Structures are given as structure tokens and as C-alpha cells.
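Just below is one structure, and these are the notes that go with it.
In this text the structure is predicted, and so the values were computed from the model without any measurement. Whatever order the structure lists them in is the order used to number ligands and atoms, beginning at 1.
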Amino acid sequence: MIDVHCHYLPAVDDGAQDLQSALRLIRLARADGVRKLVLTPHVHAGRWDNSLGFLLPRFDAFRNLVASKNIDVELYLGAEVHLLPESLRLLNEGQIPFIGGWDGMKVMLLELPGGGIPPNALAAVRYLVGQGVLPMVAHPERNKTVMADVSSLEPFVEEGCLLQLTAASVIGEFGSRAYRTAQAILKKGWAGVVASDAHNASHRRTRMKAAFRFLRKHYGETVAERLLVSSPERLLNERQTLCMDTMARLEAVRW
Ligand SMILES: [Fe+2]
């Protein structure tokens, strides 16, 4: 499986706090059946002032450390970008690490405020799409507006946004409302990928294997495979073909 949303890069946000716990989380992910991971630190101005320039050297050092420990995983750098004007400025400056590509567009993991969908969110999404950036909405099943009315996501789906469900929500470990909302999104056929959004080894851990089994049982093998394997793989494949500006800088450093 491929996990396109996790907080394992040490000491850059509220995920892994040091190298030892980050290494432990990578090993736990591998044991959970994940072989490729996009590390997605928060980019959230005023809270976690991360940018590509700040994250890239830290990511490279961490990737080298993981390789030296002979852990059989491939790591990529992405980010979870909070919907803020500052994030759009970073985007214009080429300072946003993307997740990958989709239909020729760069994919940005976009975090809406958990409290709801702000009135300007759709306009921001349209602006991004106009810039060739496709938002992948992070964990919509945990958004209060969506939990109250899942059809509030419809305009985002119509704009082509990918929706990323959290593995723990899918299996019911993120509360009953997130569970019900995740099932409603799945039943509408709107889910794009399932990812862990794991932060630690206790209450925010990787649950990829359990989510795969749940989906296989309730929605069929094809759906489970698409959400946890083939669609994430497609994101990564297109990452390598998008060889311009930010992605080129990322790939140039990596290979
Ligand atoms: Fe996250």
C-alpha cells in the first residue's frame, strides 16, 4: 500500500517529535503493509511555518537515515497545506511541496478548517485549479460542515477535487460521526484515496491494513485496491512526469 498523508518527518509539526519516534513510526507503517510514503508536514502560517526550502534538507537527511537502517520503504516529500492566503503566497513562490500528479495537474493536499467549510473555500479551489493545481481535500469526513451535510462536498467534487479519507475514520476509530460521514462519501463514490494521517504510535496511528480489510469486506476488492494502492500509485507516477518548477527541484535533489 501507499500512504500519501502522514506526519512522520521529525520535529516539524505535531507529528513525530524526534528521530527515534519517527523511525519507529516508519517501521510501524512498514509492518502495517505500507511500502511507499509521502511525508506531509503541516504548512500552516503562524502555527507551523513550513515551506519547501525549510523542509527539503530535513527530508533528505531523514530519508538517508531511514535508508541507512535498511527499512524497505520509499519516502517522498509532500505537505498538508492549510487553506490560508499565506499558503497561496507560498504556492506562487514555488514553496509548496506537492503530493504528486493527476491528469497532468499537480496535486496539493488541502486542509480545510475542521470547524467547517469557509465561504471562500470554493473560490480558492477554483483559483488553484486555474493555476494547474488540483486540491486533494484532506479528511473531509472530519469536517463539521460535511458531517452535518455530506452534499456540501458536491461543489468540490464537481471542480474535480480528490477526496482523501482517513483510514481510522473508515473503520470507525475516529468517532461515530466521522465513520458515518466516511461511509456516505464512499457510497457516493466520491472517495479518491484512503491515507493514514498518522501522527504517533498511540491515538493517531497507521490503520492502513485494517482499512484495506474493511473496504474489501464491505465495498469489494476493487474499491480497496483503488483507494489504498492504485490511485496513490497513480499520484506518484504522475509526480515523476511533472518535471517543471517545484517538482523538478524536488526530484533533482532526490535523484
Ligand atoms: Fe494531517
Side-chain angles (χ1 to χ4, degrees), residues 1-17 21-22 25-26 28-29 32 34 36-52 54-55 58-59 62 75-84 86-87 90-91 96-100 107-118 121 134-147 153 156 161-171 173-175 178-179 181-182 185 191-208 210-211 227-228 231-232 235-236:
M1 289 178 285
I2 300 169
D3 190 357
V4 297
H5 181 174
C6 58
H7 297 267
Y8 298 155
L9 190 64
V12 294
D13 63 6
D14 57 342
Q17 290 305 298
S21 42
L25 290 167
I26 297 283
L28 286 171
D32 198 34
V34 175
K36 298 181 185 178
L37 303 103
V38 184
L39 309 186
T40 52
H42 289 283
V43 170
H44 189 155
R47 206 160 170 195
W48 293 290
D49 287 308
N50 290 320
S51 62
L52 180 64
F54 177 82
L55 293 168
R58 285 156 179 83
F59 169 75
F62 182 62
L75 302 184
Y76 301 85
L77 177 63
E80 178 177 14
V81 184
H82 204 77
L83 179 64
L84 286 172
E86 180 71 11
S87 299
L90 288 170
L91 178 72
I96 294 289
F98 296 107
I99 303 298
V107 173
M108 184 173 102
L109 182 61
L110 179 68
E111 183 184 48
L112 304 174
I117 299 178
L134 184 65
M136 178 162 73
V137 180
H139 42 69
E141 81 284 359
R142 287 154 44 196
N143 182 287
K144 285 199 173 72
T145 303
V146 179
M147 288 194 287
L153 280 174
F156 296 88
C161 290
L162 295 167
L163 304 183
Q164 174 260 307
L165 300 181
T166 310
S169 301
V170 168
I171 60 175
E173 291 185 3
F174 229 111
Y179 174 76
T181 310
I185 292 169
V193 300
V194 171
S196 76
D197 194 11
H199 282 62
N200 52 53
S202 53
H203 61 290
R204 295 291 302 275
R205 61 200 172 118
T206 174
R207 299 294 276 134
M208 297 285 279
L227 295 176
L228 289 120
S231 288
L235 282 163
L236 289 187

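Partners of Arg204 under the side chain to side chain contact (heavy atoms under 4.5 Å, CB included) rule, at least two apart in sequence or in another chain, are Arg142, Phe174, Asp197, His199, Asn200.
Distance alone, capped at 3.5 Å, is enough to place a donor-acceptor pair between the Glu141 side chain and the Thr166 backbone. Looking at Ser21, its side chain never comes within 3.5 Å of a backbone N or O of Ala16 through a donor-acceptor pair. Under the 3.5 Å distance criterion, the side-chain polar atoms of Ser169 are left unmatched by any main-chain donor or acceptor of Ala182. Formation of a donor-acceptor pair under 3.5 Å by the Asp32 side chain with backbone atoms of Val34 is not found in this model.
Within the protein, the number of N, O or S atoms lying under 2.8 Å from the Fe ion (ligand 1) is 4.
In this structure, His42 has its ring center at least 6.0 angstrom away from the ring center of His82.
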